[in-house]
Colleague: 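My questions will all concern the structure given below.
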Amino acid sequence: MTIDNWLYEGVNWLDRDYAAAAADAGAFVYSTPDEASRLVRSKLHSYMIYCRRFSPFWRERWPREAEAFAADEAEDVLALLPRLTKEDLRRHAPELRIDPAQRSDWDGYPPLRHLHAQHSGGSTGVPVIVWQDRRWESRNRAIVDLGYRLAGLSPGSPAFYLWGSNNEVSDIRKSPRKRFSTWLRGLIVMPAFSLDAARVRAYVDEMNRRGDVQHAICFTSALDTFTGFVERAGLRLRRIRTVFTGGGLLTPELRARTLRLWAHEVCDTYGARDAGLMASERPGAGALLTFPWHVYLETLDAQGRRSAAGVAGEVHVSQVENHAMALLRMSMGDSATLGRTPEWNGPSLTALHGRTAEHLQAGDGSRIDPSAIIHMIGVLAERTWLRKFQLVQTGPSALTLRFETWTEPPAGDEAAFGTFVRSGLERLFHAPVTLALERTESIAPSPSGKHLYCVNRHGARPAEREAGAAPGGEAG
């Protein structure tokens, strides 16, 4: 470890909540599977009792048959509870937020300190406010550090931070505490929500110059734009050890391109501003490891039942460490598949399928995964002049392809590109479609400053349509 690593560790271990969270992580990681399960059930049971006791929302909805239950029954009782939607968060915020005045110093639960509102665009594009406190921040930071350590990055070691969310970068600039934390962690901030050719070249020069940096943390769509330009322009990137991705769907093509051009390993992460880090990839695992003692994760089918192992479902989380709000079975608006990974005591995300608001819907009712669109347009219809795109579904068979360009397309190539894309869409939709091309200087980001490759304005739920022209993803 370097002096920077020791400094980071020393400052954080002075924080008792960080130290306690690190101890919980060690107890989970280095225990037997049965011991780890007991730890998770115990924490989940305590949090569920807490939510029922202090939240009017959950008291009114608690099943009568589960008024009293033991820790080893916690997961079964959780399955009886209704799902918490983004609309519920907006409509019932006062009943979900824990009132400190209702708490006492002797109630057996952690005190609420330094409460603050976390504004999120949400994975479905529905803006929500989730309350958190300093204890939750410390514990989530410990989980983030665990995720990086599992992939070989010791916090405090320098890392390029190519991030595409204006929210995160703005937070760093505005808050002295965030600036200190960023410096302490060793992040070299490279704002990427408005990448152009000059900025990409400047970042490449900086990355090649800093031979001491072996890791990068990248917003997924920014990494796509960045590596796409690097490859198109024939630039050389110094090879580094690991690129971490987050904030969007990591496609096999983007992973392969990043491995080819830049890094020896690519490790994906799954998190959100309103939920914290939920899963992180370890090299060789072939999946993202979840942290169920911190955020308990389920995938549910359309009827709210838990999906079978290996079957995709919508992600719902119970925020076991957030005592500022009663957040049980909160919908994240993302689709994923749960499974198991050898030598890990908890479930794993064996596949992330994107945000439900990004799935297009064919006339026969089938859903089209955004990764299929990304592959078709970004790989099969590849154009060197294409900078960024967004496919918007406005009707059962009506779509608009909005796109930015690096350079002027060759004569006739824009029309040929549109013909190719329309033909590919008709194969995916199993029916004729109409496709409008809309070239634009800039595709508006989501409310959180993030980019969506697909937007479904036809099949979206009412609350998603209310989000306006740029329904946003917040995972990251």
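In what follows, every heavy atom counts, from backbone to side chain, and hydrogens, waters and symmetry copies are set aside.
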Colleague: Could you check whether any side-chain N or O of S423 sits under 3.5 Å from a backbone N or O of T419, counting only pairs where one atom can act as donor and the other as acceptor?
Modeller: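 Not confirmed, S423 side chain does not pair with T419 backbone.
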Colleague: Between T405 and E408 (side chain of the first, backbone of the second, donor and acceptor by atom type, cut-off under 3.5 Å), is there such a pair?
Modeller: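 The answer is no, because no donor-acceptor pair under 3.5 Å joins these two groups.
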Colleague: Measure the acute angle between the ring planes of F291 and W293, then classify it against the limits of 30° and 60° as parallel, tilted or perpendicular.
Modeller: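 Ring orientation of F291 relative to W293: perpendicular.
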Colleague: Can you name the closest pair of heavy atoms from M376 and F420 and give their distance?
Modeller: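 Between these two residues, the closest heavy atoms are O-CE2, 4.2 Å.
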Colleague: Given 3.5 Å as the limit, does a donor-acceptor pair link the side chain of T227 with the main chain of L223, or not?
Modeller: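 Yes, because the side chain of T227 sits within donor-acceptor range (under 3.5 Å) of the backbone of L223.
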Colleague: Apply side chain to side chain contact (heavy atoms under 4.5 Å, CB included) to the pair R113 and D17, showing each step before the final yes or no.
Modeller: CA-CA 12 Å; R113 298 179 290 113; D17 291 319; 2.4 Å; yes
Colleague: Taking it one step at a time, do V295 and I143 satisfy side chain to side chain contact (heavy atoms under 4.5 Å, CB included)?
Modeller: CA-CA 10 Å; V295 176; I143 299 302; over 6 Å; no
Colleague: Taking only residues at least two apart or on different chains, which pairs with a member in residues 238-258 satisfy ring-ring contact (aromatic ring centres under 6.0 Å, His included)?
Modeller: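 Every pair satisfying ring-ring contact (aromatic ring centres under 6.0 Å, His included) with a residue in residues 238-258: Y148-F244.
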Colleague: CD of E281 to CG of L250: how many Å apart, nearest 0.5 Å?
Modeller: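 Here the interatomic distance stands at 7.5 Å.
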Colleague: Taking all non-hydrogen atoms of both residues into account, name the closest pair between P396 and F429 and its distance.
Modeller: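 Looks like O-CE2, 3.8 Å.
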Colleague: Testing the 3.5 Å rule here: is there a donor-acceptor pair between the side chains of E314 and S331?
Modeller: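 Yes, S331 and E314 have a side-chain donor paired with an acceptor closer than 3.5 Å.
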Colleague: Between E414 and R383, does a salt bridge (charged side-chain N to carboxylate O under 4.0 Å, His left out) hold up when you go through it step by step?
Modeller: CA-CA 9 Å; E414 184 175 320; R383 294 298 195 274; over 6 Å; no
Colleague: Given side chains that start at C-beta, do those of V433 and R422 come closer than 4.5 Å, heavy atoms only?
Modeller: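 They are in side-chain contact.
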Colleague: Working to the nearest 0.5 angstrom, can you tell me the gap between T384 OG1 and F229 CZ?
Modeller: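 Interatomic distance, T384 OG1 to F229 CZ, rounded to 0.5 Å: 11.5 Å.
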Colleague: Within the distance-only criterion (no hydrogens, no angle test), does the side chain of Q393 pair as donor or acceptor with the backbone N or O of Q361 below 3.5 angstrom?
Modeller: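 Indeed, once roles are kept as given, a pair shorter than 3.5 Å links the two residues.
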Colleague: Anything under 30° is parallel, anything over 60° is perpendicular, the rest tilted; go ahead and classify F417 against F403.
Modeller: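 If you compare the ring of F417 with that of F403, the planes turn out perpendicular.
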Colleague: Between Y296 and L328, does a side chain to side chain contact (heavy atoms under 4.5 Å, CB included) hold up when you go through it step by step?
Modeller: CA-CA 9 Å; Y296 187 90; L328 295 170; over 6 Å; no
Colleague: Backbone N or O of R210 within a donor-acceptor pair of the R238 side chain at under 3.5 Å?
Modeller: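 A pair under 3.5 Å: yes.
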Colleague: Would you please classify the geometry between the F226 ring and the W262 ring as parallel, tilted or perpendicular, with 30° and 60° separating the classes?
Modeller: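 It falls in the tilted class, 30° to 60°.
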Colleague: For the residue pair R439 and P409, establish whether any side-chain heavy-atom pair is separated by less than 4.5 Å.
Modeller: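 Of all side-chain heavy-atom pairs linking P409 with R439, at least one is under 4.5 Å.
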Colleague: Return yes if some donor-acceptor pair links the side-chain N/O of R329 with the main-chain N/O of H316 below 3.5 Å, else return no.
Modeller: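 Answer holds: no.
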Colleague: Less than 4.5 Å apart, side chain to side chain, heavy atoms only: is that true for D133 and H114?
Modeller: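 When only atoms from C-beta onward are counted, H114 and D133 do not touch, as no gap falls below 4.5 Å.
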Colleague: Looking at P191, is its backbone amide N or carbonyl O close enough to the side chain of Y203 to form a donor-acceptor pair, meaning the two atoms are under 3.5 Å apart?
Modeller: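 Flag set: sc Y203 to bb P191 pair under 3.5 Å.
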Colleague: Report the distance from atom CG of L338 to atom OG1 of T290, rounding to the nearest 0.5 Å.
Modeller: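 Rounded to the nearest 0.5 Å, the CG-OG1 separation comes out at 7.0 Å.
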Colleague: Could you state the interatomic distance from CZ (R402) to CG (L437), rounded to the nearest 0.5 Å?
Modeller: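 Here the interatomic distance stands at 12.5 Å.
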Colleague: Give a yes-or-no answer on whether the side chains of D268 and T245 include a donor-acceptor pair shorter than 3.5 Å.
Modeller: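 Distance-only check passes for D268 and T245.
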Colleague: Report yes or no: do R134 and S138 form a side-chain donor-acceptor pair below 3.5 Å?
Modeller: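 Checked: R134/S138 side chains show no N/O donor-acceptor pair below 3.5 Å.
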Colleague: Could you pull out the closest heavy-atom pair between S280 and T269, with the gap in Å?
Modeller: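 Closest approach of S280 to T269, heavy atoms only: OG-CG2, 3.8 Å.
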Colleague: Can you find a pair of side-chain heavy atoms, one from V189 and one from W163, that are under 4.5 Å apart?
Modeller: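 No, their side chains stay 4.5 Å or more apart.
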Colleague: For a 4.5 angstrom cut-off between non-hydrogen side-chain atoms, does L249 reach Y453?
Modeller: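 Heavy-atom side-chain distance check fails, nothing below 4.5 Å.
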Colleague: Of all heavy-atom pairs between V144 and L277, which one has the smallest distance, and what is that distance?
Modeller: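 Closest approach of V144 to L277: CA-CD2, 3.7 Å.
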Colleague: Is D88 reaching over with its side chain to a backbone N or O of T85, donor-acceptor style, under 3.5 angstrom?
Modeller: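 Side chain of D88 to backbone of T85, a donor-acceptor pair under 3.5 Å: yes, one is there.
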Colleague: Is there a side-chain contact between M278 and L349, using heavy atoms and a 4.5 Å cut-off?
Modeller: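 Answer no - side chains too far apart.
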Colleague: Could you tell me which non-hydrogen atom of P347 sits nearest to which non-hydrogen atom of P292, and how far apart they are?
Modeller: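 Heavy atoms only, the tightest pair is CD-CG, 4.2 Å.
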Colleague: N322 side chain to W131 main-chain N or O, any donor-acceptor pair under 3.5 Å?
Modeller: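 Pair found, side chain donor or acceptor close to backbone of W131.
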Colleague: Is E253 close to I374 at the side-chain level, that is, under 4.5 Å between some pair of heavy atoms?
Modeller: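 No, their side chains stay 4.5 Å or more apart.
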Colleague: Going from CD on E321 to CD on Q319, what distance comes out if it is rounded to the nearest 0.5 angstrom?
Modeller: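 Between E321 CD and Q319 CD, I get 10.5 Å after rounding to 0.5 Å.
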Colleague: Is there a side-chain contact between L327 and V317 (heavy atoms, below 4.5 Å)?
Modeller: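 Side-chain contact under 4.5 Å: no.
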Colleague: Could you report the tightest heavy-atom contact between A263 and R239, atom names first, then the distance?
Modeller: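 Taking A263 first and R239 second, the nearest heavy atoms are O-NH2, 2.7 Å.
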Colleague: Determine whether E298 and R83 satisfy the following criterion, salt bridge (charged side-chain N to carboxylate O under 4.0 Å, His left out), listing intermediate values before the conclusion.
Modeller: CA-CA 11 Å; E298 304 171 275; R83 292 172 287 182; over 6 Å; no
Colleague: Does R91 CZ have over 12 foreign heavy atoms under 6.0 Å away?
Modeller: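 Atom CZ in R91 is not packed in, count stays at 12 or less.
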Colleague: Verify salt bridge (charged side-chain N to carboxylate O under 4.0 Å, His left out) between D224 and K388, making sure each step is shown before the conclusion.
Modeller: CA-CA 9 Å; D224 191 8; K388 186 184 292 186; over 6 Å; no
Colleague: Could you tell me whether the side chain of T350 and the main chain of T337 form a donor-acceptor pair under 3.5 Å?
Modeller: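 A pair under 3.5 Å: yes.
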Colleague: Could you please spell out the steps behind the side chain to side chain contact (heavy atoms under 4.5 Å, CB included) verdict for T242 and L153?
Modeller: CA-CA 8 Å; T242 314; L153 170 57; over 6 Å; no
Colleague: Answer yes or no: does atom CD of E441 have more than 12 heavy-atom neighbours from other residues, nucleotides or ligands under 6.0 Å?
Modeller: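 12 or below, so no.
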Colleague: Let me confirm one number: the CG-CD1 distance from N208 to I240, rounded to the nearest 0.5 Å.
Modeller: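 N208 CG to I240 CD1: 10.5 Å, rounded to 0.5 Å.
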